[in-house]
Amino acid sequence: MAKTKTPQAIRGTQDIFGAEAESFAFVVETFERVRKLYRFRRAEMPVFEKTEVFARSIGETTDIVSKEMYSFEDRGGESLTLRPEFTAGIARAYLTNGWQQHAPVKLATHGPLFRYERPQKGRYRQFHQIDAEIIGAAEPQADVELLAMADQVIRELGIEGVTLHLNTLGDGDSREAWRAALVEHFRSVKDELSEESQERLEKNPLRILDSKDRRDQRFVADAPKIDDFLTDEARSFFDAVTSGLDAAGVKWVRAESLVRGLDYYRHTAFEFIPDEGSAAADALGSQSTILGGGRYDGLIESLGGPSTPAVGWAAGIERLAMLVGEKGEEPASLMVVVESDAAAVREAGQKVLNTARRVGIDSEMIATGSPRKRYDKAVKSGAAAILSLSDEDGRIAHRLKGDDEALARLDPLFNAIAESMSASPQT
RNA sequence: GCGAUCGUAGCUCAGUUGGUUAGAGCGCCGGUUUGUGGUACCGGAGGGCGGGGGUUCGAGACCCCUCGAUCGCCCCA
């Protein structure tokens, strides 16, 4: 018979197991715990939407929409897209379910996202994020609340050497005036810019500000600053955010060239970035931002809703998991070793095992393989306590081993153990 | 979309300038030793070298294509 070929996993997807999966779970569990402290409400959305949900919110013409979304047609010929981010889907859900009645509403979610991109370190076609949004709140206090939560999530994950980089893009008028000034500034030195930035000048001039190319950085230093274009309202909004963060004890630095590419962003923009030379920076390679977001007051309108202020962030679970270190799988609290193939011995072991689990003691049984090597396997597993059961001349013999602390936990089990001992093995 | 590096047993890898039946460690299975024990020893199963084509008397090693991985560029919602 011809050997059938095992299908390969889809490019850019990952199978997560063992220590890595434990780190992944730790990130999600920490996020869930902190999100409850801040009273964010859980939301679940479909992983796919009509393509227009993302296309309209992101902008039809961008590279993102044309090349980097995972889109396909369903059987009815409708264009669908696997969600590349949470925000647009949440906004759609907010509108179609009348969540406006709860506004302002704090929402948290997490799950898989999809982008049709070339995989590299910390970047996959299916990846996972945690996400928090506050919809319907125009006041700077919402930004502060959201950022305080992000900061606490990172701290409770035990991630060190990461700093909040903060900027403001101002309101619509501020942003437009600034953008125009930037275009003028860079156009005057166009020929000296990198090829990429000459392109960006037309398509996305703000992006020139965070170019990695030396040739560009010379001109970034003396580029027009957003601060010179802020309206009084925009300035006082930003001041309120920063003083709120100070009051909340969240450390931040001003990052004047931090921008968000899409037009609907207003006011606050931020990223948590590993400090230069930190262990975190080394671990992440060129994909350095671990959490990013901002205020997107224009997004919900672009989906046909009422003008609605909102602010949110998202963070890649895989990247966070890389930074929380190994979360090894815990050895069992109790390992039951059946050192005999007699049915009564195995059944005695099963009885203890069941009792242990019912009283909340995680436990596992070893009853296969070479009998004489079963105990060795248990020792190797690092279990806190080991109960071995054997058949000695027709009676069940048992030995319990472990340190005092481990044995104290097993107290509720002693009756069950004694009871199983009363049975006698059949030979 | 572009570039660089890489792809050999379940895992980590070694395989000289192409040459007889493809190797090690770990893991797994079995046995011996020990006998209250994570030891040591012996043995076993398991791959035909990502896939396809080519060069050659002969290719895991060279060439082409393809798939995938890794890292970087572009992009980054």
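What you see is a predicted model; the values in this text were computed from it and never measured. Computation of the quantities below employed the complete heavy-atom set of this structure, encompassing side-chain atoms and omitting hydrogens, waters and symmetry-equivalent molecules. Order of the sequence lines fixes the chain letters, A, B, ..., with proteins taken first and strands second; residue numbering starts at 1 for each chain.
One interatomic measurement links the two molecules: CD of A:E318 to C1' of B:rU70, which rounds to 16 Å at whole-angstrom precision. Atom CD of A:Q8 and atom C1' of B:rG7 are 11 Å apart (whole Å). Summarising the geometry, the separation between NZ on A:K377 and C1' on B:rG38 is reported as 13 Å, rounded to the nearest angstrom. In this structure, OH of A:Y70 is placed 21 Å from P of B:rA77, rounded to the nearest angstrom. Look at CZ on A:R374: it is 18 Å from P on B:rG38, rounded to the nearest Å.
Counting non-hydrogen atoms under 4.0 angstrom, A:G12 reaches the backbone sugars and phosphates but no base. Contact annotation for A:Y265: backbone-only contact, meaning every heavy-atom pair under 4.0 Å involves sugar-phosphate atoms and none involves a base. A:S388 comes within 4.0 angstrom of a nucleotide base, judged by non-hydrogen atoms across all strands. A:R83 comes within 4.0 angstrom of nothing in the nucleic acid, heavy atoms only. Residue contacts shown for A:E195 are absent, as no nucleic acid heavy atom lies under 4.0 Å away. In this structure, A:K373 reaches the bases: a heavy-atom distance under 4.0 Å links it to at least one base atom across the strands shown.
Residue A:R123 places no side-chain N or O under 4.0 Å from the OP1 or OP2 atom of B:rC75. Regarding contacts with the backbone of B:rC67, every side-chain N or O of A:R11 stays at 4.0 angstrom or more from both OP1 and OP2. Put simply, A:K401 has no side-chain N or O that comes within less than 4.0 Å of OP1 or OP2 on B:rG38.
Using modelled atom types and a 3.5 Å distance limit, the side chains of A:D210 and A:S257 yield no donor-acceptor pair. A donor and an acceptor atom, one from each side chain of A:Q152 and A:Y38, are located under 3.5 Å apart.
Taking the side chain of A:R118 as heavy atoms from C-beta on, and the options B:rG72, B:rG38, B:rC76, the nearest nucleotide is B:rG72. Side-chain proximity of A:E196 to the nucleotides B:rC74, B:rA77, B:rC29 is greatest for B:rC74. For A:Q120, the side-chain atoms get nearest to B:rC73 when compared with the rest of B:rA77, B:rC75, B:rC73. Nearest nucleotide to the side chain of A:P119, out of B:rA77, B:rG72, B:rU70: B:rU70.
Evaluation of atom-type donor-acceptor distances gives no pair under 3.5 Å for the side chain of A:R207 against the base of B:rC74.
A cation-pi arrangement, defined by a distance under 6.0 Å to the six-membered ring centre and an angle within 45 degrees of its axis, is absent between A:R175 and A:F229.
Using a cutoff of 4.0 Å between basic side-chain nitrogens and carboxylate oxygens, A:R35 and A:E32 are scored as salt-bridged.
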